[in-house]
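This report refers to the structure that appears directly beneath it.
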Amino acid sequence: MKNFILEIKNSVYNPVYYQELLQKPFSYSLKYFLKFFLILAFLATLGFAFFGLPKVKVFFNEVFLGLRDYYPAELALYFKNGQVVSNVVEPYFLELPASFKKELENEDYQFENFLVIDTFNEFSLSKFEEYQSLAWLTRDSVVFVDEQAGVRILPLEELPDFVLNQRTVEDFLSQVQPVVNLALNWLIPVVFIGFWLIGIWNLFWLLILALLVWAIAKLKDLKINYAKAYQFGLHLITLSMVWQLISLVFWIRVPFVYSLLALGLTFVNLKPQTTE
């Protein structure tokens, strides 16, 4: 393990190490890449298991419990032939949960309600704004706020005939919750496989990076072919892969960092070939 840590350090910065790579076979660098990404994928998956998965489970538990508590006991909606009627006095408002209000408090437009049910009035933008609701269920459509489109209208004509009430919500959640729990139990191996798929993607991305490595090597009077440039790339993306996993875990988006790290290591590590 000590030797492998030294390989990682040398891959980040050691011009002499890259001179030595000129005599190393391609399999040497491929083994380094696979071993390094295996360790990264294992550490990232371990981090997800301890920090991410518990939050995901809490989120789904809160969603299921929240839906059971949120849906009003007195409300029933009857969908038939692409239209809907309710059993309540309209307009009927489902208030926005407090947690949602907090997330939306910095928006230009303040919402008080999650849904308004008004099947008697025709949709109008002024009425929609008056309702201060994220969505409006009309007689034959559902209207909702879309960040890109502004307001979207979806007709109900494709919906099958059914009744939505607290009982159907309970039945739906009872059927879905075991499936979700099973999926959560398999989430850790799925995440690990997902990280390995990213590793495979890196191998394809290197087909392009190798061209840039080859061009930089030529500028520095280092005579290598494309295959050797690709082999160098298996080491030069060491920091890029670390950043890649960090950005995925913490959802950080900074343009071009992945490529700039690899090219930066290329510039500082590649030197003209020395002769003994």
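In this chain, residues are counted from 1 in sequence order. Predicted model, so just to flag it, every value in this text is computed and none were measured.
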> Between Trp196 and Phe37, what is the ring plane arrangement, given parallel below 30°, perpendicular above 60°, and tilted in between?
Replying inline: perpendicular

>> Please verify the inter-ring angle class for Phe4 with Tyr32; under 30° counts as parallel, over 60° as perpendicular, anything in between as tilted.
In response: tilted

>> As a test of understanding, state which of Phe114, Tyr92, Trp136, Phe123 forms a ring-ring contact (aromatic ring centres under 6.0 Å, His included) with Tyr131.
In response: Trp136

Linked, directly or transitively: [X] and [Y] (ILVMFWY side chains, under 4.5 Å):
{"X": "Ile224", "Y": "Leu219", "answer": "no"}
{"X": "Tyr17", "Y": "Phe267", "answer": "yes"}
{"X": "Phe42", "Y": "Val242", "answer": "yes"}
{"X": "Val190", "Y": "Phe51", "answer": "no"}
{"X": "Tyr70", "Y": "Leu77", "answer": "yes"}

Quick check: do [X] and [Y] have side-chain heavy atoms less than 4.5 Å from each other?
{"X": "Tyr18", "Y": "Leu21", "result": "yes"}
{"X": "Phe195", "Y": "Leu40", "result": "no"}
{"X": "Leu137", "Y": "Leu156", "result": "yes"}
{"X": "Lys55", "Y": "Val58", "result": "no"}
{"X": "Phe192", "Y": "Leu38", "result": "yes"}
{"X": "Val191", "Y": "Ile188", "result": "no"}
{"X": "Val145", "Y": "Phe111", "result": "yes"}
{"X": "Leu270", "Y": "Val213", "result": "yes"}

Measuring from atom [atom1] of [X] to atom [atom2] of [Y], what distance do you get when rounded to the nearest 0.5 angstrom?
{"X": "Asn81", "Y": "Glu157", "atom1": "CG", "atom2": "CD", "answer": "11.5 Å"}
{"X": "Asn165", "Y": "Glu74", "atom1": "CG", "atom2": "CD", "answer": "11.5 Å"}
{"X": "Asp161", "Y": "Gln83", "atom1": "CG", "atom2": "CD", "answer": "11.0 Å"}
{"X": "Glu112", "Y": "Leu134", "atom1": "CD", "atom2": "CG", "answer": "10.5 Å"}
{"X": "Leu30", "Y": "Lys35", "atom1": "CG", "atom2": "NZ", "answer": "11.5 Å"}
{"X": "Leu245", "Y": "Ser240", "atom1": "CG", "atom2": "OG", "answer": "11.0 Å"}

On a heavy-atom basis, which atom in [X] and which in [Y] lie closest, and how many Å separate them?
{"X": "Pro272", "Y": "Gln19", "answer": "O-NE2, 3.0 Å"}
{"X": "Ser11", "Y": "His235", "answer": "OG-ND1, 3.0 Å"}
{"X": "Gln231", "Y": "Lys24", "answer": "NE2-O, 3.3 Å"}
{"X": "Ser133", "Y": "Phe128", "answer": "O-CE1, 3.3 Å"}
{"X": "Lys57", "Y": "Leu184", "answer": "CG-CD1, 3.8 Å"}
{"X": "Ala229", "Y": "Ala210", "answer": "CB-O, 3.4 Å"}

> Taking atom types as modelled and ignoring hydrogens, do the side chains of Glu20 and Tyr28 form a donor-acceptor contact shorter than 3.5 angstrom?
Replying inline: no

> Between Asn269 (side chain) and Asn14 (backbone), is there a donor-acceptor pair under 3.5 Å?
Replying inline: yes

> Is the backbone of Asn121 close enough, under 3.5 Å, to the side chain of Asp118 for a donor and an acceptor to pair up by distance?
Replying inline: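 Yes, Asp118 side chain to Asn121 backbone: donor-acceptor pair under 3.5 Å.
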
>> I'd like to know whether Phe33 forms a side-chain contact (heavy atoms from CB on, under 4.5 Å) with Met241, so could you lay out the CA-CA distance, the side-chain angles of the two residues, the decisive distance to 0.1 Å, and finally the verdict.
In response: CA-CA 10 Å; Phe33 172 86; Met241 289 191 293; 3.4 Å; yes

>> Between Val12 and Lys9, does the side-chain contact (heavy atoms from CB on, under 4.5 Å) criterion hold? Intermediate values first, please.
In response: CA-CA 5 Å; Val12 173; Lys9 173 184 170 295; 5.9 Å; no

With a 6.0 Å cut-off (strictly less than), is the heavy-atom count around [atom1] of [X], excluding the residue itself, greater than 12?
{"X": "Tyr226", "atom1": "OH", "result": "yes"}
{"X": "Phe26", "atom1": "CZ", "result": "yes"}
{"X": "Phe162", "atom1": "CZ", "result": "yes"}

> Can you list the steps and then say if Ile117 with Val84 is a side-chain contact (heavy atoms from CB on, under 4.5 Å)?
Replying inline: CA-CA 10 Å; Ile117 301 169; Val84 59; over 6 Å; no

> Residues in ring-ring contact (aromatic ring centres under 6.0 Å, His included) with Tyr13, at least two apart?
Replying inline: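 None.
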
Please list, one pair per line, the donor and acceptor atoms closer than 3.5 Å that link side chains of residues 257-266 to other protein atoms, with sequence neighbours excluded.
from, atom 1, to, atom 2, distance (Å)
Tyr258, OH, Asn202, OD1, 2.1
Thr266, OG1, Ala262, O, 2.8

> If you measure from the Lys or Arg side-chain nitrogens to the Asp or Glu carboxylate oxygens, is any gap between Glu130 and Lys127 under 4.0 Å?
Replying inline: yes

> Given Phe36, which of Leu234, Ile237, Ile8 fulfils the side chain to side chain contact (heavy atoms under 4.5 Å, CB included) condition?
Replying inline: Ile8

